[in-house]
Chemist: 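Please read through the structure below; I'll follow up with questions.
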Amino acid sequence: MTAYDYDLFVIGGGSGGVRAGRVAASLGKRVGIAEEFRYGGTCVIRGCVPKKLYVYASQFSEHFEDAEGFGWTVGERSFDWKKLVAAKDKEITRLEGIYRRGLENNKAEVFDSRAELVDAHTVRLVSSDKTVTAERIVIATGGVANAHISLPGYEHCISSNEAFDLDALPRSILIAGGGYIAVEFANIFHGLGVAVTLIYRGKEILSRFDHDMRQGLHKAMVEKGIRILTTDVIESVEKRADGELVAKTKNGETIVADQVMLALGRDPNTKGLGLDAAGVAVDHAGAIIVDAFSRTSVENIYALGDVTNRVQLTPVAIHEAMCFIETVYRDNPTKPDHELIATAVFSQPEIGTVGISEEEAGKHYAELEVYRAEFRPMKATISGRSERMIMKLIVDAASRKVVGAHILGHEAGEMAQLIGVSLKAGVTKDDFDRTMALHPSAAEELVTMYNPSYRIVKGERV
Ligand code: NDP
């Protein structure tokens, strides 16, 4: 028995924190956990889960249109934003309950409070102003939307936090950023009938993705009617007397919209956490610095998930939590594995990807074979939709290993998850070639691209 109140105290009840706390408690550890907002964290409460529900909601407008090509007559349609928000709230409240019960059923002590470090073993629970001590502490406080306070008029703008719960569906929205959140919300709002303008500082949206995915999605979004401004940024936002927002851009555009949403990245949530007092080191961005086992500069304090700014994805935080459990409580030192993480952008069409882009691969491999197929999906033939699907495999010519797989199109995320298994297993292009096609499907293209579309030799396309 230690002299501490808890074996483990977890600060932050999101994906990483809840997993670490719940599993440690299930192993018989005395666990306390504190969350200042709602259990489930960003992913469940105002991130991945409600986002995906809204993606489904927004897809119906195209489903109704497509149905007509297949002989259906769809009657008058209308959309009720408040009904969607209420249904979403009900679902996330249900999920929040599951997270909380998972902790309680394993006898973790659950606090609804902000928690701050006092020293390396002491945590202050802000709501009760009580301190508790713990042998080990896990910090899993996640991230916060970059509010961009240097932008004049930033206070008039919303982030994804507010976008889920607006009082009314805006008629028009200007979204700043070219990453996951900006692109996903641009598609959601467009699908719900909102006039959307996206403004991005770079030449092409989704800077970390393969260029074919970026260009293909950009084109599809513009064809749908989403306005995309590139190499431009908002320089000011003013609120008019009638409540409309007026944004001025660097390139001289004036955009009037009901809402302006900033999706300019998320910062590690470390402000006021008492890291100095405990001696926990952070980097220039405020992210907690950790070693390969998620241990901070303080021996008994670990950090998991977005607060460490490694890879800002829910499954990564959960994986880091499980590695922490293995290392600390199962005597099995385990480093999180951040290689070959499958990921999706839930745009319309979707992007699903695993491994590296063609551009990135060109920097690491002497010779690559690129297999690329672009086609009209079967459903679009009769529906009349102009959508194209793109599939791409990047193969290291020397080892024949597939080092990147990229898909743009319906259910691309689902496909990327499955291809992720084979890439993780070190699959070669020959394995793809000897896999029988499943017909008729879109995914069969992945196993029927027999000849390279082109090669990349020493970074140059030949
Ligand atoms: P991202 O990092 O994906 O994108 C941020 C965007 O903002 C980039 O386009 C970036 O440009 C731009 N940007 C950053 N700073 C500025 C600035 N000062 N002025 C103008 N533009 C700027 O962040 P998000 O906010 O979209 O998402 C946060 C994280 O959440 C993501 O990294 C992702 O890991 C996670 N997420 C995952 C999802 C999923 O898995 N489907 C969905 C949503 C979020 P540039 O590219 O030029 O740097």
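Predicted, not measured: the structure shown is a model, and the values here were computed from it. Counting starts at 1 for both ligands and their atoms, following the listed order. Residue numbers count from 1 along this sequence.
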Chemist: Name the option, out of Val311, Thr42, Ile181, that contains the heavy atom nearest to atom 44 (C) of ligand 1.
Modeler: Ile181
Chemist: Return the closest protein heavy atom for atom 46 (O) of ligand 1 as residue, atom name and distance.
Modeler: Ser207 OG, 2.6 Å
Chemist: When Phe164 is tested against each of Phe185, Trp81, Phe189 for ring pair (Phe, Tyr, Trp, His ring centres under 6.0 Å), which residue passes?
Modeler: Phe185
Chemist: Just so I know, are the side chains of Ile11 and Leu117 near enough to count as touching, which here means a heavy-atom distance under 4.5 Å?
Modeler: yes
Chemist: Please report the closest heavy-atom contact between Ala405 and Leu393, naming both atoms and the distance.
Modeler: CB-CD2, 3.7 Å
Chemist: Can Glu96 and Arg38 be said to form a salt bridge (charged side-chain N to carboxylate O under 4.0 Å, His left out), step by step?
Modeler: CA-CA 7 Å; Glu96 184 185 9; Arg38 293 178 68 179; 2.8 Å; yes
Chemist: Let me know which of Glu445, Glu358, His406, Glu374 forms a side-chain hydrogen bond (donor to acceptor under 3.5 Å, both in side chains) with Lys392.
Modeler: Glu358
Chemist: Does Lys88 pair with Glu91 as a salt bridge, N-O distance under 4.0 Å?
Modeler: no
Chemist: Ring centres under 6.0 Å, that's the criterion: do Phe346 and Tyr56 meet it?
Modeler: no
Chemist: Does Glu369 come within less than 4.0 Å of Lys429, counting only side-chain N to carboxylate O?
Modeler: no
Chemist: Just going by heavy-atom distances, which of Pro315, Gly413, Gly265, Ala182 is nearest to atom 5 (C) of ligand 1?
Modeler: Gly265
Chemist: Using a strict threshold of under 4.0 Å (side-chain N to carboxylate O), is an ion pair present between Asp337 and Lys424?
Modeler: yes
Chemist: Taking 4.0 angstrom as the limit and counting only heavy atoms of Glu184, give me the atoms of ligand 1 inside it, by number and element.
Modeler: 41 (N), 42 (C), 43 (C)
Chemist: With a 4.0 Å heavy-atom cut-off (strictly under), which part of Gln312 contacts ligand 1: side chain, backbone, both or neither?
Modeler: both
Chemist: Evaluating non-hydrogen atoms only, which member of Leu262, Val316, Leu264, Asn309 is closest to atom 14 (C) of ligand 1?
Modeler: Leu264
Chemist: Which is it for Ile205 and ligand 1 at heavy atoms under 4.0 Å: side chain, backbone, both or neither?
Modeler: neither
Chemist: Can you report which non-hydrogen protein atom sits closest to atom 38 (C) of ligand 1, along with the distance?
Modeler: Tyr180 CD2, 3.2 Å
Chemist: Would Leu313 count as a polar contact of ligand 1, with the cut-off being nitrogen or oxygen pairs under 3.5 Å?
Modeler: no
Chemist: So for ligand 1, is Val233 a polar contact partner (N or O within less than 3.5 Å, distance only)?
Modeler: no
Chemist: Is the shortest N/O to N/O distance between His148 and ligand 1 below 3.5 Å?
Modeler: no
Chemist: Which option, Gly179, Ala263, Ser150, owns the non-hydrogen atom nearest atom 8 (C) of ligand 1?
Modeler: Gly179
Chemist: Gly202 versus ligand 1: do any nitrogen or oxygen atoms come within less than 3.5 Å of each other?
Modeler: no
Chemist: What atoms of ligand 1 come closer than 4.0 angstrom to any heavy atom of Arg208?
Modeler: 1 (P), 2 (O), 3 (O)
